[in-house]
Amino acid sequence: MLPDIAVVTSRERLGPWLERLGRDGALAVDTETSGLNAQIDLVGGLCLSAGRTCLYAARNALGPAVLWLADQVKQQRELIFHHAKFDLKMLETSFNLRVPYPVHDTKTISFLYNNLGFNGGHHLKDIAKALVDSRAADPQTTLLASIKEGGGKKGEVLWSEDLRLIGEYGALDAWWTLQAWPILLGKLSATAPIADGKATLLDLYENERWLVLALRDMELRGVRVNIDFLVQWREQLEKDIAKTERQLVKVAGKEILWTSSDQLSTLLYEHLGIPVTRWTKGGKKSGPKPSTDEVALTKINHPIGPLLLRWRDLSKQHSTYAIGLLESISPDGRIHATFNPDGARTGRLSCKDPNMQQIPRWSGARRAFIPDEELAFYFGDYSQVEMRFAAIESHDPTLIEGFRNNPLFDTHAATAMKMWGMQEIDPDGNKLHGRRRKFAKIMNFAMLFGAGEDKVTSQLVSLLTSKEAIASIREFGRKLDRKLIPHRQLAQLLMERYFTEFQAIKKARYAATREAKQNGYVTNLFGRRRYFDHNTEYKAFNTKIQGAAADQAKRGLVSLYRELQGEGRIALILQIHDEAVYLSDDDPSTHARVLEILNDTSSFEVPIVANLDIGKDSWQEKTRYVP
DNA sequence: CTTGCGCGCGCC
DNA sequence: AAAGGGCGCGCGCAAG
């Protein structure tokens, strides 16, 4: 079925078509814009669809159509978008039209239904083609067909060059969205696992709908930037880089493009004759190459090593952060990043333009971000949240007991105590014993990430000398295995001990992998699914843990948004996986409430614990805040 | 000139 | 059997 469609560019012809869109029932909305940046670009066309009607309003019809839409919003009409956050931002920046209640979003549903998407993604056209009408892939043909089928008035359509424009920009997108929505929602309901009599995927969807609003407002607000600092920092870095380059040329005897790993590899391993200690994984064409990464450079026995490490660090700060952040500043002097709820297969958020989730912690870069006048940054972060979900997922008694009985539970110390059968960690300051917590920490991360013997070995290599590794092996009362390097033998022993003591985790890991192999997907504690390609099922346990932590964090973010941002007491500005950052004044009752919201003692077998920090001057310096 | 890939590296 | 998980960005380099 295809709609009655009108492309209207004059105020006069708009009325009857708006009439046909009615005043109730779902209304699909799509904006056509001059670009993707809500701080710069503008809406040039509005596509609306309801019932059997699809209307594209542009030019002189755009203003009145927006006013009509604003009235529909006032009536709280149910709105459907594909990628709602983008259109909601554009409507707000172009027309000051704000939608204060959750809308529906076919992209969100598609991602929740199957993270692999339709035809490999979540593009509207692919979804519509798969679920609605195979002709959806060809907007021009479809538009022409629809005019015939729907008896559309030729006079309402701009022919000639404008039709091409309509085809290119997809005047029918709202129509496809409207058609795909009930089908996708039906599929989501049918797919939803049931817990406590409720379909969990639909609960997740409700949270994601609010999340879209929370992220929209975060992005629109943006973060204030200290431009003077960034400019000064950039200049200082440029001086330091130039100086380091002069030293490099002296030591190397020649000049190369220091950013080029290929050129550097030739210099180090051919001209300077330094032995190769590490290889890259290699691409399809080139295969493995000698590595010049940080680990390799640390190992080389030549004065060029430390200089290169210094150059790499300075250069990273300079290009990615000093320059990169300056280039990300919007005309309002702030940075408005984009947070994607469908950016990560586990359910985590991703962030781009710039990626605020990877701003360095120690280089000083965070000094570039400063709170708005009269306000301070507050950082609500979850404590060891992935380890807590590992405990919940596996029911491991040691971890469960620890987290239940002690809010400050030191997981790595407890792991070490269990692995070595100790009553307390490092009782006599013994050097060998003191290392045990580090070993345990490596094992815990190996568990969370699904690492194998190779990775544990290489972790140990960067932690210990061979002598120290041998001492640690002796501690286990084992004979040295001549066939293995000591670090590998130690890795084997640590893994053996770890999985002997944490059998529940071993079983949970195995169960997750089996679930993925049998079903092609796994489901986390919140009902979220992730599908796997063949031979990647080993990631299943990590997906459950990381995904549960992500869904918990997003639930917390939405609660903060709905209650405290709704009351105007906070303004969320960033989310960094296990941390929500907001601006607020110093009213302690606000922050006490934040902690009440984030702390979750009732949902799971172990409590989810949150802490709060404050940063008054910038993002760089923060201190613990207790309301 | 743009696009895609590999490398290396920032964060959780 | 073996596999560190999840991202985005700057850069060089080769291909289109």
Side-chain angles (χ1 to χ4, degrees), chain A residues 115 256-266 278-297 308-309 311-325 327-328 337-363 365-366 381-382 384-387 389-390 442-459 491 495 509 512-513 516 530 532-550 553 574-579 619:
Chain A
N115 63 290
I256 59 164
L257 201 51
W258 300 106
T259 42
S260 166
S261 49
D262 285 353
Q263 292 185 32
L264 182 58
S265 169
T266 309
R278 256 171 88 81
W279 294 81
T280 67
K281 226 175 176 181
K284 286 166 200 161
K285 286 180 190 169
S286 60
K289 296 192 244 184
S291 170
T292 67
D293 71 5
E294 190 178 340
V295 177
L297 295 181
L308 282 170
L309 289 169
W311 188 91
R312 280 254 175 89
D313 181 39
L314 293 169
S315 163
K316 178 86 175 173
Q317 300 308 318
H318 178 249
S319 63
T320 307
Y321 300 107
I323 290 182
L325 290 176
E327 285 176 350
S328 299
T338 301
F339 288 85
N340 295 314
D342 49 12
R345 285 179 276 259
T346 52
R348 268 192 180 184
L349 297 181
S350 73
C351 179
K352 63 175 184 174
D353 303 324
N355 184 352
M356 296 297 290
Q357 294 177 323
Q358 60 170 172
I359 305 297
R361 295 174 62 182
W362 307 119
S363 72
R366 293 186 178 195
D381 75 296
Y382 291 105
Q384 303 188 70
V385 65
E386 291 198 349
M387 282 306 304
F389 278 109
I442 287 175
M443 291 314 302
N444 279 327
F445 277 98
M447 177 271 287
L448 288 176
F449 296 152
E453 201 179 292
D454 273 6
K455 272 295 162 186
V456 175
T457 304
S458 69
Q459 287 285 306
M495 292 180 77
R509 255 168 63 132
T513 306
R530 175 186 173 180
F532 292 90
D533 296 330
H534 288 303
N535 296 324
T536 62
E537 296 92 345
Y538 71 93
K539 298 173 181 174
F541 185 65
N542 173 268
T543 292
K544 288 198 173 209
I545 304 303
Q546 192 187 112
L574 300 173
Q575 197 260 20
I576 300 155
H577 305 306
D578 60 356
E579 181 180 4
W619 185 6

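These numbers come from a predicted model, not from an experiment. Naming: A, B, ... by sequence-line order, numbering from 1 per chain.
- Closest to the side chain of A:Lys539, from the set C:dG5, C:dC7, C:dA3, is C:dG5.
- Comparing the C1' positions of B:dC12 and C:dG4 gives an interatomic distance of 14 Å, to the nearest angstrom.
- A:Leu257 comes within 4.0 angstrom of sugar-phosphate atoms only, judged by non-hydrogen atoms across all strands, and of no base.
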Query raised in the report: Which nucleotides of nucleotides 6-12 of chain B have their base under 4.0 Å from a protein heavy atom (B), which only their sugar-phosphate (S), and which neither (-), written as one string 5' to 3'?
Result: SSBBBSB
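- For A:Asn535, the listed nucleotide lying nearest its side chain is C:dA1; candidates were C:dG12, C:dA1, C:dG5.
- Every residue was checked against the salt bridge (charged side-chain N to carboxylate O under 4.0 Å, His left out) condition with A:Lys316, not counting sequence neighbours, and none meets it.
- Annotation: side-chain contact (heavy atoms from CB on, under 4.5 Å) contacts of A:Arg345 (sequence neighbours excluded): A:Asn115, A:Arg530.
- Of all heavy-atom pairs between A:Ala553 and A:His577, the closest is CB-O, 3.3 Å.
- A:Asp262 and A:Ser260 share no donor-acceptor pair across their side chains, judged by distance under 3.5 Å alone.
- A gap of 26 Å separates the C1' atoms of B:dC9 and C:dA2, to the nearest Å.
- Contacts of A:Arg530 with the nucleic acid, taken as non-hydrogen atoms under 4.0 Å apart, involve only primed sugar atoms and P, OP1 or OP2.
- Side-chain atoms of A:Phe449 and A:Gln546, non-hydrogen and from C-beta on, never get closer than 4.5 Å to each other.
- Within the 4.5 Å cutoff, the side chain of A:Trp279 has heavy atoms near those of the A:Pro290 side chain.
- Remark: A:Tyr538 is in phosphate contact with C:dG5, judged by side-chain N or O atoms under 4.0 Å from OP1 or OP2.
- Among the atoms of the strands shown, base atoms are found under 4.0 Å from some heavy atom of A:Ala446.
- Positionally, the nearest nucleotide of DNA chain C for A:Phe445 lies more toward the 5' end than for the other of A:Arg345 and A:Phe445.
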